[in-house]
2 protein chains.
Amino acid sequence: MEKAADLRVIRTKKLIDEAFLSLVDEKGLEGVNVRSLTSKAGINRGTFYLHYQDIYDLMEKMEDQIIEEMNALPAQSIPEQLLGSGSTEEPFPSIVEFIRFMNARHRFFAVFFAQEGTSFGKRLRTLIHSRMYEKLPRQAMNPDALAVPDDYIVAYFSSAHFGVIRHWFESGRTLPPEQVALILTRLVRDGPLLTALNRRPE
Amino acid sequence: MEKAADLRVIRTKKLIDEAFLSLVDEKGLEGVNVRSLTSKAGINRGTFYLHYQDIYDLMEKMEDQIIEEMNALPAQSIPEQLLGSGSTEEPFPSIVEFIRFMNARHRFFAVFFAQEGTSFGKRLRTLIHSRMYEKLPRQAMNPDALAVPDDYIVAYFSSAHFGVIRHWFESGRTLPPEQVALILTRLVRDGPLLTALNRRPE
DNA sequence: TTCATAAATCAACACAATGTTAATTACACG
DNA sequence: CGTGTAATTAACATTGTGTTGATTTATGAA
């Protein structure tokens, strides 16, 4: 972004980053303010304002850097391409790289995911699942070392539907409720790939 | 929840609710504080504290009520059950009810969705999509009045994968990255229903 | 090594919001 | 009607913000 030549600047920013992450670990996002942050970092409160507008500005810049790094990840392979080739139990390489990166940066992402899911969001996803998919065929029927754990299936379904509903809201609720319901129904019945191709199952 | 017998209490709470929703509409969630809220509601600042601990407490109680109402929705039908029966273009009734309810309460949900998706969450979902599913077969190939719009397919895929990754984080990153990648790969390749049943496609 | 320069510190400031309290007024309901 | 409770009012200490000006400290370059 900018010139960070001076060792003092580099040191200060590192102190701020570290203080931010550990402060969120301790007290959550609400417990973070400029006063406590600079206190934990061991720097003067005024110094923070030499580098960032406010806490929000700090987080934004941390996000910018992560996004930049993710965009720079090498493997850009396309599932479509890999769909035809690999039929083994090997995961797609691009996805592996992706997950590995998040694992390496887990301190940042832990903060992000903690703030991302509001408590109500979680309750709503749970509700979606319990009301609609509670009686899905469960893994207990066929225990298998290679099987995908139930909780991941649940996460997949509830987040997918949550996302469709959110998109409906974010696009201004232009579609009537019945059509949104139909979209969800088709995604459930036919699966996303078939739905995207607009074909009937079987 | 509690006794709200007194008309004064009912009136005050209605004023607070209304002020909260319209205040969020105007200035976003960050612009809401006790001072501005009570000012807009036309009540004394102290009165707010007679009913709620703080703004967070207010929101929590609003959420409680919505969740309660959603749990009380009549139709509790199971997709599994309906999967066998309906093969027409009719949406599942329970889903219709669900979406209709959210549409009726759209002022509340608009607030909720505005806060739910952090800007970074949106960026991450966009990134997931562009890196992994950009070259999925698009609707342009077969235009159809009944087709599910592209943007809804995108919302479905990106949210589903986002949800799986979030679940991985929320469950303490116990699985190694390679296994999470494999889970995602199988969900993409085989679809969620087949994956849940733990069978091979075809 | 020296030295100009930029970073960091320190103390003080006005301001805004919080949460609480005590005395008073208004009003809903029996 | 009159009684209890809700709501108002004004004041209070506290905490955090963002900024400013003077001063000290550390860095990178000559």
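This one's a predicted model, so the numbers in the text were calculated from it and none came from an experiment. Residue numbering restarts at 1 for every chain, and letters A, B, ... go by the order of the sequence lines.
- Remark: C1' of dA29(D) and CG of Asp6(A) are 12 Å apart, rounded to the nearest angstrom.
- Note: CZ (Phe48(A)) to P (dC10(C)) measures 18 Å, nearest angstrom.
- Checking dA12(C), dA7(C), dG16(D) against the side-chain heavy atoms of Arg45(A) singles out dA12(C) as nearest.
- Separating the CD1 atom in Ile165(A) from the CZ atom in Phe113(B) is a distance of 6.0 Å, to the nearest 0.5 Å.
- Counting to the nearest Å, the C1' atom of dT15(D) and the CD atom of Glu30(A) are 16 Å from each other.
- Side-chain N/O atoms of Thr12(B) include one lying less than 4.0 angstrom from OP1 or OP2 on dA7(D).
- Distance Leu7(B) CG to dG4(D) C1': 15 Å, rounded to the nearest Å.
- Rounded to an integer number of Å, the gap from OH of Tyr52(B) to P of dT20(C) is 17 Å.
- The aromatic rings of Phe48(A) and Tyr52(A) lie tilted to each other, with the angle between the two planes from 30° to 60°.
- The CG atom of Leu23(B) sits 12 Å away from the P atom of dA17(C) (whole-angstrom rounding).
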Strictly under 3.5 Å: I want the nitrogen or oxygen pairs between protein and nucleotides 24-26 of chain D, one per line.
unit_1  : atom_1 : unit_2  : atom_2 : d
dA26(D) : N3     : Arg8(A) : NH1    : 3.2

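- Checked against dT9(C), dG28(D), dT19(D), the side chain of Tyr49(A) finds its nearest nucleotide in dT19(D).
- OP1 and OP2 of dA7(C) both lie 4.0 Å or more from every side-chain N or O belonging to Thr47(A).
- Side-chain N/O atoms of His51(A) include one lying less than 4.0 angstrom from OP1 or OP2 on dA8(C).
- Heavy atoms of Asn44(A) sit under 4.0 angstrom from at least one base atom.
- Between the CZ atom of Arg35(B) and the C1' atom of dT15(D) there is a distance of 13 Å, given to the nearest Å.
- Taking the six-membered ring where tryptophan is involved, the planes of Phe120(A) and Phe109(B) are tilted, since the angle between them lies from 30° to 60°.
- Put simply, OH on Tyr56(B) is 19 Å from C1' on dG19(C), counting in whole angstrom units.
- Around the CD atom of Glu60(B), the shell of radius 6.0 Å holds more than 12 heavy atoms that belong to other residues, nucleotides or ligands.
- Residues Ser22(A) and Asp25(A) have side chains that never bring a donor and an acceptor to within less than 3.5 angstrom of each other.
- The only option from Arg11(B), Arg107(B), Lys13(B) that meets the salt bridge (Lys or Arg N to Asp or Glu O under 4.0 Å) definition with Glu18(B) turns out to be Arg107(B).
- Between Asp57(A) and Lys61(A) a salt bridge is recorded (basic side-chain N to carboxylate O distance below 4.0 Å).
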